[in-house]
Amino acid sequence: MTATNTNSKLTRQRYRGLVYGIGGLAILGLLAGFVLDQHFAGTLVYLLGAWIAGGIAVLAPMWSEATLQDERDWELHNRASGILIGITMVLGLSILPALYVLEAGNHLEITGVVSGVILTFSALFLLYGVCFGIAKRRV
Amino acid sequence: MQNNLTNRREDEGLSQGELAGAVGVTRQTINAIERNRYDPSLELAFKLADHFDCRIEEIFEPDQDE
């Protein structure tokens, strides 16, 4: 942990404002591009905003002398991730097998959209498993 | 876990932000500890004890039912 430098120009409040502000502008740009039929420009604004906001979010705590994040933030992220994984797992395990059984019995049809959602969740779980393995090796 | 961080901090005339700066965390973390909503890591507990020149047990004590 680094000591807080109260003279630092980048405060925690400014850091958060920058990240959320740029991220918000990126999303607005994407939506504006969609509405105004300027899809390429909207995508460009979104990508730029996402990369800049993401870069600041990750790099600023490493480079700044001010304490922008601390152990409580990591604890909050940890708890939120646990809750998210728990909810997704309970929903996934309870719903997905039932969906496939019902489809096999011709009671419903799993559409392309639902298939996409299932694949996305499966990929996320796989990625979570990989990240968990990496984290476990380091602790 | 219970603690007497608020009393110790106020005895020294420090704000939450000043104590946070001294031990390298955010003001929100000090506030959460004082309100018993967050248990600090061992590292931070040692830093706080070091700052107040006392032992960890003199600042923190487990709940009775723990």
Side-chain angles (χ1 to χ4, degrees), chain A residues 1-24 52-87 128 131-139, chain B:
Chain A
M1 273 183 288
T2 56
T4 297
N5 180 354
T6 50
N7 294 323
S8 174
K9 287 179 181 173
L10 187 60
T11 62
R12 181 176 162 90
Q13 198 173 7
R14 193 170 293 164
Y15 163 72
R16 289 188 154 191
L18 267 176
V19 172
Y20 290 129
I22 295 172
I52 293 170
I56 293 172
V58 173
L59 297 176
M62 293 185 214
W63 289 343
S64 173
E65 290 179 359
T67 305
L68 303 177
Q69 289 183 333
D70 66 8
E71 58 177 54
R72 182 170 157 271
D73 293 304
W74 301 119
E75 172 77 15
L76 290 173
H77 283 299
N78 191 22
R79 283 192 204 176
S81 301
I83 292 169
L84 174 69
I85 289 294
I87 290 172
Y128 175 80
C131 293
F132 188 85
I134 293 169
K136 200 175 171 185
R137 285 182 62 152
R138 297 173 107 186
V139 176
Chain B
M1 201 153 61
Q2 303 294 314
N3 69 78
N4 56 20
L5 197 60
T6 306
N7 292 338
R8 286 183 175 274
R9 176 177 60 76
E10 288 177 349
D11 284 348
E12 285 201 4
L14 292 173
S15 68
Q16 288 183 338
E18 287 168 336
L19 177 58
V23 294
V25 294
T26 62
R27 184 194 60 76
Q28 288 84 353
T29 295
I30 296 297
N31 183 46
I33 295 171
E34 289 187 355
R35 292 166 63 197
N36 293 319
R37 296 189 66 175
Y38 174 67
D39 292 336
S41 66
L42 199 54
E43 182 188 4
L44 178 54
F46 269 114
K47 281 186 177 178
L48 287 166
D50 189 47
H51 176 84
F52 290 113
D53 197 22
C54 64
R55 294 184 305 159
I56 290 177
E57 309 94 280
E58 292 176 65
I59 302 177
F60 299 98
E61 63 176 57
D63 289 327
Q64 294 300 320
D65 55 348
E66 282 183 1

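Naming: A, B, ... by sequence-line order, numbering from 1 per chain. It should be emphasised that the depicted structure is a prediction, and the values quoted were computed from it without experimental measurement.
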E57(B) CD: over 12 foreign heavy atoms closer than 6.0 Å: yes

Does E75(A) have any salt bridge (charged side-chain N to carboxylate O under 4.0 Å, His left out) partners at least two apart in sequence or in another chain, and if so, which? R79(A)

Can you name the nearest heavy-atom pair linking V25(B) to D70(A), along with the distance? CB-OD2, 3.2 Å

Minimal heavy-atom distance between E71(A) and P40(B), with the atoms involved, is OE2-CA, 3.5 Å

d(R12(A) CZ, Q28(B) CD) to nearest 0.5 Å is 4.5 Å

Measure the CZ-CD1 distance between R72(A) and I30(B) for me, rounded to the nearest 0.5 Å. 10.5 Å

More than 12 foreign heavy atoms under 6.0 Å from CG of D53(B): is that the case here? no

